[in-house]
Amino acid sequence: MAKNLTTREEDYSKWYNELVVKADLAENSGVRGCMVIKPYGFGIWERMQAELDKKFKETGHSNAYFPLFVPKSMFEAEEKNAEGFAKECAVVTHYRLKNDDENAGKLIVDPNAKLEEELIVRPTSEAIIWSTYKGWVQSYRDLPLLINQWANVVRWEMRTRLFLRTAEFLWQEGHTAHTTKKEAIEESERMMNVYADFVQDFMAIPVVKGLKTESERFAGAEETYCIEALMQDGKALQAGTSHFLGQNFAKAFDVKFATKEGKQEYVWGTSWGVSTRLMGALVMTHSDDKGLVLPPNLAPDQVVIVPIYRNDEQFDAVSEAANELMAALRAKGVRVKFDNRDTHKPGWKFNEYELKGVPVRIAIGPKDLENGTFEVARRDTLTKEVLSKDVIVDHVVGLMDEIQNNLFAKAIDHRTTHTTEVESYDEFKELLEAKGGFFSAHWDGTIETEEKIKKETKATIRCIPFDGDNTPGTCMVTGNPSKRRVLFAKAY
RNA sequence: CGGGGUGUAGCGUAGCCCGGUUAUCGCGCCACGUUUGGGACGUGGAGGCCGCAGGUUCGAAUCCUGCCACCCCGACCA
């Protein structure tokens with residue numbers, strides 16, 4: 001393992017790539033664009049899953065699982081959605097290999113084993129799920145249908161980066177069906193709020209809730225709700241989306257229900273998802289030049305205890321104190337690891353756990369035993385203090401909240417100082433390059449203007465914020481009337 | 001998918017232009033000893049289809065062709 005990370009200042013994107021690999025989150029695999037998520041990275045993802053899954057259950061959803069493959073004819077049933085994903089679909093055309101007669105030991109695709117109908121590897125599951133819902137829904141009594149699935153999906157991306165954009169990624173996708181438009185819209189908004197609460201409270205990442213413009217909307221949706229986060233380098237990252245699908249999929253897959261009055265009506269749908277991309281957001285929001293910084297809620301190990309000793313007697317004495325402390329902390333619900341490996345020195349371990357972002361490190365040595373103290377180091381502030389036996393447990397328990405809150409506060413502060421209200425297009429262009437971040441500006445609401453801005457500056461409208469400034473004004477580009485300010489940024 | 005770059009031990013690299021002893025160095029790894037409060041030191045050792053496949057040549061890490069993977073810049077995207 002190399003000793004130092006490239007700094008964010010030197011090369012932000014290199015820093016990110018190195019950090020993800022060196023902190024043991026993930027690595028590239030022998031398969032183009034596909035990553036291996038390593039145990040440490042997967043441990044963090046599992047914590048996200050557990051919390052989200054709990055929230056989904058609390059809001060009435062149940063998990064189910066649908067197939068990885070979607071027959072082409074089924075996939076293309078909802079035209080807009082199919083078109084939107086067409087360019088990035090992996091397609092299965094054959095079902096068998098055979099020995100290559102001209103090349104001993106090699107296999108070739110058996111030309112006689114061509115599928116009658118190609119199978120699309122799901123880039124998202126609306127098609128297969130709605131074709132299934134047709135059989136599940138007959139009456140208003142079957143509604144609402146509130147289903148979530150944890151799955152992998154494949155989108156054949158040209159340029160990939162670990163977690164941020166990979167050809168295969170893990171996510172959850174919720175798919176619901178409702179009797180009324182109002183109920184479906186409420187569901188879309190509810191799930192956007194569930195995501196926002198999760199990302200802010202659990203991941204300590206502040207987000208802006210809003211609505212996507214028509215051009216940024218999910219293909220096949222009537223409306224896309226989103227949460228947008230701002231990374232340390234001033235680029236925005238879409239952290240989650242929730243779609244109101246109207247009756248588009250119901251009509252495409254003929255999902256109708258009998259109302260109380262006995263009339264046949266199409267159901268109203270939603271879908272919503274967050275992915276392993278959140279891992280990228282986590283890294284780019286909190287981490288520093290020394291490595292990963294994890295909020296306590298997500299850290300697989302919240303506290304690590306490092307023993308310091310010169311001989312077996314000291315090790316035994318220190319271990320006893322460590323085990324005692326570990327038991328006391330665990331009793332309070334803190335996830336603690338005692339690193340009693342004799343194969344690495346304390347200094348090596350200190351660096352290792354800083355790289356891996358463990359929130360709190362406690363060192364115990366002979367001096368501490370003598371004085372009845374512990375050395376406590378915080379990963380978020382990189383500060384150390386010596387605490388007495390009597391207060392250590394309460395203090396560390398308190399640190400969990402304190403660090404979680406501090407990380408969120410720091411991220412909020414970064415976003416506040418990197419959100420700029422601009423009045424003119426010149427000012428926008430200048431500050432976009434000089435400063436980056438979010439820009440709150442007036443826009444005339446047309447696709448043409450949005451396109452022009454995107455072409456000229458690479459910035460896009462991240463969202464029309466819900467809690468933004470709703471006072472009318474004039475578009476910074478055309479001078480035409482604008483109903484409200486929208487949020488611009490360069491995005492991942 | 002277009003342009004550019006890279007690929008040599010687990011990691012980082014020298015050598016490649018200008019083909020020719022046993023492929024360089026550092027980290028890591030293994031053994032033993034001394035060490036242990038911020039990435040220890042000494043001694044000894046192991047580890048290489050020079051990305052893969054062809055070709056040119058008496059001879060290829062080095063030259064040529066194709067392929068694969070990764071990185072950067074575009075187009076596309078969560």
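Note on naming: letters A, B, ... go to the chains in the order of the sequence lines (proteins, then strands), and numbering restarts at 1 for each one.
In this structure, A:Asp380 pairs ionically with A:Arg378, as a charged nitrogen and a carboxylate oxygen lie closer than 4.0 Å. A salt bridge between A:Asp467 and A:Lys209 is absent, with no side-chain N of the basic residue lying under 4.0 Å from a carboxylate O of the acidic one.
Across all strands shown, A:Gly33 has heavy atoms under 4.0 Å from sugar-phosphate atoms exclusively, and none from any base. The residue A:Leu164 sits close to a base: some heavy atom pair falls under 4.0 Å. As judged by a 4.0 angstrom heavy-atom cut-off over every strand, A:Asn351 is placed among the base-contacting residues. Residue contacts for A:Asp368: at a heavy-atom cut-off of 4.0 Å it reaches a base atom on one of the strands shown. Using a 4.0 Å heavy-atom distance criterion, A:Arg277 is classed as a base contact. Within 4.0 Å (heavy atoms only), A:Thr224 reaches no atom of the nucleic acid at all. Residue A:Thr124 is classed as having no contact, given no heavy-atom separation below 4.0 Å to the nucleic acid. When heavy atoms are screened at a 4.0 angstrom cut-off, A:Arg361 is found touching base atoms of the nucleic acid.
Shown here, B:C41 forms a base pair with B:G33; the pair counts as Watson-Crick or G-U wobble because both key distances fall under 3.5 Å. Using N1 to N3 plus N6-O4 or O6-N4 for Watson-Crick, or N1-O2 and O6-N3 for G-U wobble, each under 3.5 Å, B:C18 pairs with nothing. Across all strands shown, B:U6 pairs with B:A69; the Watson-Crick or G-U wobble distances both stay below 3.5 Å. The base-pairing partner of B:U62, taking Watson-Crick or G-U wobble contacts with both distances under 3.5 Å, does not exist among the strands shown.
In summary, the side chains of A:Gln238 and A:Lys212 do present a donor paired with an acceptor at a separation below 3.5 Å, with no hydrogens or angles considered.
Using a 4.0 Å cut-off, some side-chain N or O of A:Ser13 falls inside it from OP1 or OP2 of B:C72. Taking 4.0 angstrom as the limit, A:Lys345 places a side-chain polar atom (N or O) nearer than this to OP1 or OP2 of B:G37. For B:C72, the OP1/OP2 oxygens have a side-chain nitrogen or oxygen of A:Asn17 closer than 4.0 Å. The shortest distance between the side-chain N/O atoms of A:Arg155 and the OP1/OP2 oxygens of B:A78 is not below 4.0 Å.
Checked against A:His61 for a side-chain hydrogen bond (donor to acceptor under 3.5 Å, both in side chains), the options A:Glu187, A:Gln172, A:His175 give a single hit: A:Glu187.
In this structure, the side chain of A:Asp53 does not engage the main chain of A:Gln49 through any donor-acceptor pair within 3.5 Å.
Note: NE2 (A:His344) to P (B:A40) measures 10 Å, nearest angstrom.
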